[in-house]
Structure formats: C-alpha cells, structure tokens
Amino acid sequence: MLSWHYMHENPLWIYPKEDPQWKESIVKEFKIHPVIAQILVSRGFTSLEQIHDYLYAKLPDLYDPFLMAEMQEAVDRICKAIRDNENILIYGDNDVDGMTGTALLTEFLQSLGANVFFYVSTRGTSRQSLIVEALEYTLKNQCKLLITVDCGITAAAEIAKVAEKNIDVIITDHHEPTDKIPHCVATLNPKLFNNPYPNRDLTGVGVAFKLAHGITNQLVAEGRIAPKKVDLKRYLDLVALGTISDMGALMGENRILVRYGLRQLKKTKRIGLTKLISICDVDLNELTTFTVASKIAPRLNSLGRIDDPQKGVEVLLIRNAQVAEKMAEELDLNNIERQKIERTMSTEVEHIINLNPEIIKNKAIIIHSDKWHPGVIAILSTRLAKAYNRPTIVISIDKEIGKGSLRSIPEFPLLNILKDCSDLLLNFGGHDFAAGLTIKEQHIEDFKQRFIAAAEAKLQPSDVTTKLHIDAEVSFEDLTFDLMESIKLLEPFGNENPQPILFSKAKQAWPPKVIGKTHLKLYLEQGDRMLEGIAFGKAAQSPILRKKDLMLSVAFTPQINNFQGQSIQLMIRDFKILNPNGGQGVSPA
C-alpha cells in the first residue's frame with residue numbers, strides 16, 4: 001500500500017561537479033575535510049567569502065530590519081499605539097508559520113506594555129473573508145490597529161473595508177503579491193517589487209521577528225528602553241519552528257535564524273512547547289530540523305487542519321503547567337486523528353491513480369474529490385509532487401466550492417499560470433512553488449485542461465524526470481566519525497540545503513534482508529570494510545539483488561547508528577547494479 005510514497009524509482013543521477021583546483025583552495029583556506037569541500041563545489045559556491053558566510057555567519061550578521069521597505073512607518077505606528085495605550089490586534093494565518101509569528105508579536109508587544117489581542121483565522125476561512133473575520137473581532141475589542149501575520153497581501157478590497165472603520169492596518173506577510181497591493185499604514189513583505197531587503201526568503205514568522213527587531217532598535221535609540229530590557233534571542237525558538245514548518249529556504253539569513261533558533265528551542269522556557277516536545281518523544285539534545293518538521297510541526301499544524309488554530313498560539317504562550325500538559329495531549333490526539341484521515345485519503349489517491357494511470361502520464365497532476373478533508377490536501381499534494389516530480393493540485397470539494405493545494409517543481413512557477421486562469425478561480429495566492437486556490441466545482445474541468453496544457457507546453461520530459469543530485473563520490477575509508485562531525489558544519493538541513501548525498505561503488509557481501517515488509521537492508525563491502533545500508537521502500541527490488549558478487553553503485557546519506565554501540569550506516573537513496581549477471585566484472589572504487 002501507498003507505493004507512491006516511494007516512487008523515486010530509477011531517478012536520473014546528477015553527478016558531482018568536478019573542479020579539483022577550487023576544491024583544493026577550499027580545503028586549504030578553511031582546513032576542512034576534502035569531502036565537505038567537494039560538497040561545497042557541487043552546490044555551486046563560487047567564492048571563499050560566500051563559503052565563510054555559509055559556514056560561520058552569526059547573529060550580528062543578520063540584516064538591519066530598516067532595510068525592509070516601510071519598516072519605519074510600521075515601527076512608528078506601533079510605538080504610537082503603545083504610547084497612546086491603544087488596543088492592538090495581531091491577526092495570524094492558521095498554519096505553524098502564522099501561529100508562531102502571532103505568538104511572537106503578541107508576547108513581544110505585551111513585554112513592552114502594549115494592550116494586545118490575538119486571533120487566528122479558522123480552517124474553513126477563504127483568504128477573501130480573512131480580513132472580514134478580523135474586522136469583526138477588531139471592532140468587538142475596540143482595536144485601533146490591526147497587524148496581520150503571514151497573510152493579507154492579497155486582500156486589498158477587504159483591507160479597504162477595515163480602513164473605512166478608522167482602523168489602521170499593518171501587513172506582515174511573505175506570500176507573493178498577486179494583484180493590487182492593499183492600501184494601509186505599512187506593508188512589510190520581502191517579496192514586494194522594488195523592496196531592497198536582501199532576503200526574499202523570510203517566512204511569515206521571520207518578517208514578524210524583523211518587525212520586533214525594528215521596534216527594539218527604535219526604542220533603544222530613543223532611550224525609551226534599556227538595551228538589556230529586550231532579549232530578542234528568546235523569540236528565536238518560535239522563528240525556527242515557523243521557518244522549518246513553512247519550508248523556508250535554509251540559506252543566508254534564514255540559516256542563521258534557524259541555527260540559533262534550534263539552540264534556543266533546546267533550552268526553551270515555553271512550558272507548552274516543552275510539554276509538546278516531551279509528548280512527541282523527542283530528546284531535546286537530539287533536536288534537529290527533521291524532528292521539528294516530522295514530529296512537532298505536524299501536531300501544531302493539525303489544529304489548523306482539523307481543529308481550532310487559536311489553541312496553537314495559546315499553547316506557545318501558556319504559563320500554566322497543568323493546562324499546558326492537557327493542551328499538549330489534545331494536540332497529540334488531534335494529530336492521531338489527522339493521520340487517520342490522511343491514511344484514508346492516501347489510499348483513495350492510490351486507488352484513483354491505479355484505476356486511471358493516464359493521470360501520471362500528463363506533465364501535471366490534478367485530482368479532486370468531495371470526500372477529502374480540506375485540512376489534509378496540502379500533505380497529499382506535497383507527497384504526490386515529490387513522488388512524481390510534477391506540478392500537482394489536490395482539490396477538496398465542499399458545497400460546490402473546491403479548495404485546492406498546489407505544489408510545483410523549479411521548472412514550473414505557479415503564480416503566472418494561476419493569473420492566466422484567474423477568470424476560472426474565486427481566489428488564489430501563495431508562492432511560485434506552493435500555493436492555494438478556491439474554485440467553483442463547475443469550473444474545475446476547464447481549469448484542469450488549461451493547467452495541464454500549460455504544463456505540457458512549458459515542460460520538457462527531462463523536467464519531470466525525478467532527479468537525484470549527488471554531492472560527492474567517496475570510498476568507504478572516507479566514512480569516518482571525523483567526516484560525520486565535519487558534516488555538522490553544513491547543518492541545519494532543510495529546504496535549499498538538503499543533507500548531503502554521496503555515492504560509492506561496493507560489492508554485496510551477502511543477500512539483502514527485507515525489513516518491515518517494505519524496506520531493504522543491504523550488506524556492502526569495499527576493500528576490507530563492510531557497511532550496512534537501509535533502503536526505504538525498496539523491498540520490491542529484493543529479487544534482483546539475490547545474485548552472487550553483485551557490484552552496486554550506491555547513492556546514500558551516511559548516518560550514525562547508536563544501536564549496540566556506535567557505527568556508521570548508509571541511508572540509501574538509490575542504487576544501480578553495475579554487473580546484472582553477477583561475477584567479478586567490476587572492481588570497487
């Protein structure tokens with residue numbers, strides 16, 4: 001079941017770039033392991049300064065928040081609200097990025113003595129009605145200032161209605177603007193045209209942090225607070241959590257924020273977050289971007305998907321240990337429920353694809369159903385896009401309105417295509433490679449034809465071929481604990497900065513073993529060293545590996561296995577048989 005989770009069959013291997021001289025200068029300059037230098041060559045680094053910033057950038061290297069267009073206007077208006085004792089509403093999107101950004105600004109402004117309320121958009125809300133919902137809450141609580149987090153950039157008409165009620169609006173968002181920019185006090189968005197801010201890849205919580213940074217700098221410069229009164233580092237756990245969850249690119253400034261944010265997360269004082277981490281069965285000392293993305297984020301995200309995301313902000317802000325424990329348990333139950341829904345939907349998707357194999361013959365995949373939960377379609381579209389390396393749209397229909405989640409590949413940016421189809425859509429927004437839309441059910445078929453036609457026209461067969469980018473060729477003797485320590489220099493791993501994939505040629509010492517029905521354990525030998533490797537989802541290939549003396553080319557990520565002592569094992573991404581008939585035909589590298 002769920003075979004499409006492991007559809008990386010026969011990917012095209014993209015071999016490492018070779019540049020021995022450049023590699024040598026990197027080794028010499030930074031005194032680093034030659035394999036690490038090769039990884040940097042393969043990843044396109046072209047100057048020593050670039051490499052230095054990547055490896056060693058620190059918090060003081062963060063950009064000045066006032067480089068962002070309209071930051072000064074935003075800071076001035078918020079400082080006035082604090083001075084005049086005005087009520088402020090922080091209004092956030094319902095994913096982890098929105099929740100963490102909302103919690104950050106709420107806690108930060110409260111620490112400065114501001115009167116702050118927060119509100120998170122509910123699951124069923126379309127982006128068009130987001131601000132209308134916020135307006136009701138703002139009026140009820142007599143707020144004079146509304147600050148959006150991770151939303152608002154595509155809501156020009158709705159924000160105009162808020163302004164009519166004499167409520168000022170500051171937008172903080174990181175989604176691509178798709179139409180008229182809303183008219184408000186300030187719009188903080190690194191993706192705005194002509195915005196000089198150097199980091200276009202900030203997430204929603206990243207923009208919220210920049211705003212907090214800007215306010216702090218201003219109040220310190222004016223002598224209104226002592227430099228030591230505000231410790232911005234204490235908010236970096238939220239920045240890391242939101243940035244990782246939203247798949248922010250882990251390069252440049254985001255990399256600094258997440259690297260320090262993970263350290264902060266390990267010692268977080270947020271009682272709700274510590275309870276949540278303990279329920280996830282995560283060892284704080286072993287916390288990585290992977291454990292955040294796979295264990296912590298899904299539990300918070302489950303609120304935005306199947307429950308009330310307001311609770312997500314509450315759990316991040318809560319001070320009462322007993323209530324925190326109860327909330328963390330509730331989040332865990334929500335996540336179990338979300339997993340059940342997801343499993344059912346995954347099975348249905350697999351069934352649809354098995355019955356209609358032509359779906360994956362096109363260069364884009366669009367599937368829809370009125371049985372699917374709108375809160376889980378993003379997970380499915382992400383998995384399908386990865387499995388088949390195609391632009392993918394999954395649409396959930398309710399009362400003749402479809403809500404769609406889109407994921408794409410680098411060769412096919414989404415937003416211009418969606419603009420071309422806007423006559424068929426009620427609304428759309430997001431990024432070029434991850435977006436959302438709403439559409440009337442009667443228009444889905446026309447939209448599907450147009451979208452697939454655009455993909456067929458723009459994409460080459462090679463674009464939709466699954467690719468495996470390999471960073472370096474290594475021999476087994478290179479795979480030492482010293483190398484494993486050196487690989488940590490490249491952390492944190494995530495979007496745009498994946499774990500290294502190495503490759504090596506080796507002989508099978510003995511036949512593979514099937515583990516847990518779907519995975520394979522391989523026993524590989526090179527020279528006088530033998531290593532074990534785990535190949536997830538590759539059990540079906542066991543029969544072709546049962547010949548004697550098979551030589552394999554293996555692409556893998558090395559890992560430390562702490563079971564019964566410490567050893568290095570290979571997390572196998574793919575393999576090729578170099579001598580399909582067995583025998584001694586090929587010698588190891």
Side-chain angles (χ1 to χ4, degrees), residues 53-68 71 75 78 82 90 96-97 99-114 116 149 172 188 197-199 201-221 224-246 248 250-274 276-277 282 284-289 291-292 296-297 300 313 315-319 488 491-492 494:
D53 289 350
Y54 170 78
L55 295 175
Y56 305 116
K58 296 190 165 46
L59 281 176
D61 298 312
L62 292 174
Y63 298 120
D64 178 349
F66 287 97
L67 290 173
M68 193 175 292
M71 179 62 79
V75 168
I78 292 167
I82 298 170
I90 311 293
V96 180
D97 193 20
M99 290 175 204
T100 49
T102 300
L104 187 156
L105 282 182
T106 301
E107 187 179 289
F108 169 74
L109 291 172
Q110 281 173 346
S111 76
L112 297 176
V116 190
V149 174
T172 77
L188 305 183
Y197 194 75
N199 176 15
D201 294 320
L202 278 173
T203 57
V205 69
V207 179
F209 178 77
K210 284 287 155 186
L211 177 56
H213 192 183
I215 293 166
T216 304
N217 286 2
Q218 175 105 339
L219 293 176
V220 168
R224 286 169 57 193
I225 58 170
K228 287 184 180 167
K229 175 172 164 61
V230 178
D231 177 14
L232 289 171
K233 275 198 294 227
R234 64 184 276 201
Y235 302 107
L236 289 175
D237 52 354
L238 296 174
V239 180
L241 184 50
T243 302
I244 294 164
S245 304
D246 217 56
L250 295 192
M251 295 295 283
E253 187 175 43
N254 284 5
R255 188 172 154 72
I256 303 173
L257 291 168
V258 170
R259 184 191 280 159
Y260 283 89
L262 283 172
R263 288 182 200 172
Q264 192 66 27
L265 207 47
K266 287 175 185 177
K267 57 180 186 186
T268 186
K269 299 279 192 293
R270 294 176 202 288
I271 206 154
L273 204 44
T274 52
L276 182 57
I277 290 168
V282 169
L284 269 178
N285 298 315
E286 299 294 314
L287 200 67
T288 63
T289 50
T291 50
V292 169
I296 302 165
L300 280 168
V313 181
V315 87
L316 296 172
L317 293 175
I318 201 147
R319 297 274 190 269
K488 287 183 183 171
E491 292 176 349

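Because the structure is a prediction, the values reported are computed rather than measured. The analysis underlying the following values was restricted to heavy atoms, covering all of them including side chains, and did not include hydrogens, waters or symmetry mates.
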Kindly determine whether I90 and L109 satisfy side chain to side chain contact (heavy atoms under 4.5 Å, CB included), including the steps that lead there. CA-CA 10 Å; I90 311 293; L109 291 172; 3.9 Å; yes
Rounded to the nearest 0.5 Å, what's the gap from [atom1] on [X] to [atom2] on [Y]? Could you check?
X    : Y    : atom1 : atom2 : result
L317 : L273 : CG    : CG    : 10.5 Å
F108 : I215 : CZ    : CD1   : 5.0 Å
I296 : I277 : CD1   : CD1   : 4.5 Å
L276 : I271 : CG    : CD1   : 13.0 Å
T274 : K269 : OG1   : NZ    : 10.5 Å
D97  : T102 : CG    : OG1   : 9.0 Å

- Is there a side-chain contact between T243 and L257 (heavy atoms, below 4.5 Å)?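 No, their side chains stay 4.5 Å or more apart.
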> Tell me, do S245 and L300 make a side-chain contact under 4.5 Å, heavy atoms counted?
Replying inline: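 They are not in contact (no side-chain heavy atoms under 4.5 Å apart), so the answer is no.
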- Item | K233 NZ: over 12 foreign heavy atoms closer than 6.0 Å | no
Between the side chains of T268 and D237, does any donor sit under 3.5 Å from an acceptor?
-> yes
Donor-acceptor contact present, side-chain [X] to main-chain [Y], <3.5 Å:
X    : Y    : result
E253 : Y63  : yes
D246 : G204 : no
D61  : K58  : yes
T291 : L287 : no
R255 : E491 : yes

**OP:** Take L211 and M71 through the test side chain to side chain contact (heavy atoms under 4.5 Å, CB included) and record every step on the way to the result.
**Re:** CA-CA 7 Å; L211 177 56; M71 179 62 79; 3.9 Å; yes
Which heavy atom in [X] sits nearest to a heavy atom in [Y], and how many Å separate them?
X    : Y    : answer
F66  : D64  : N-OD1, 2.8 Å
Y235 : E107 : CE2-OE2, 3.3 Å
V205 : L238 : CG2-O, 3.8 Å
L112 : I82  : O-CG2, 3.8 Å
A57  : I256 : CB-CD1, 3.6 Å
V96  : A297 : CG2-O, 3.7 Å

**Q.** Verdict with supporting geometry, K229 and L219, side chain to side chain contact (heavy atoms under 4.5 Å, CB included)
**A.** CA-CA 10 Å; K229 175 172 164 61; L219 293 176; over 6 Å; no
Only one of [options] passes side-chain contact (heavy atoms from CB on, under 4.5 Å) with [X]; say which it is.
X    : options                : answer
L236 : L262, L265, L59        : L59
K210 : T172, L62, L188        : L62
V149 : L105, T100, L104, V313 : L105

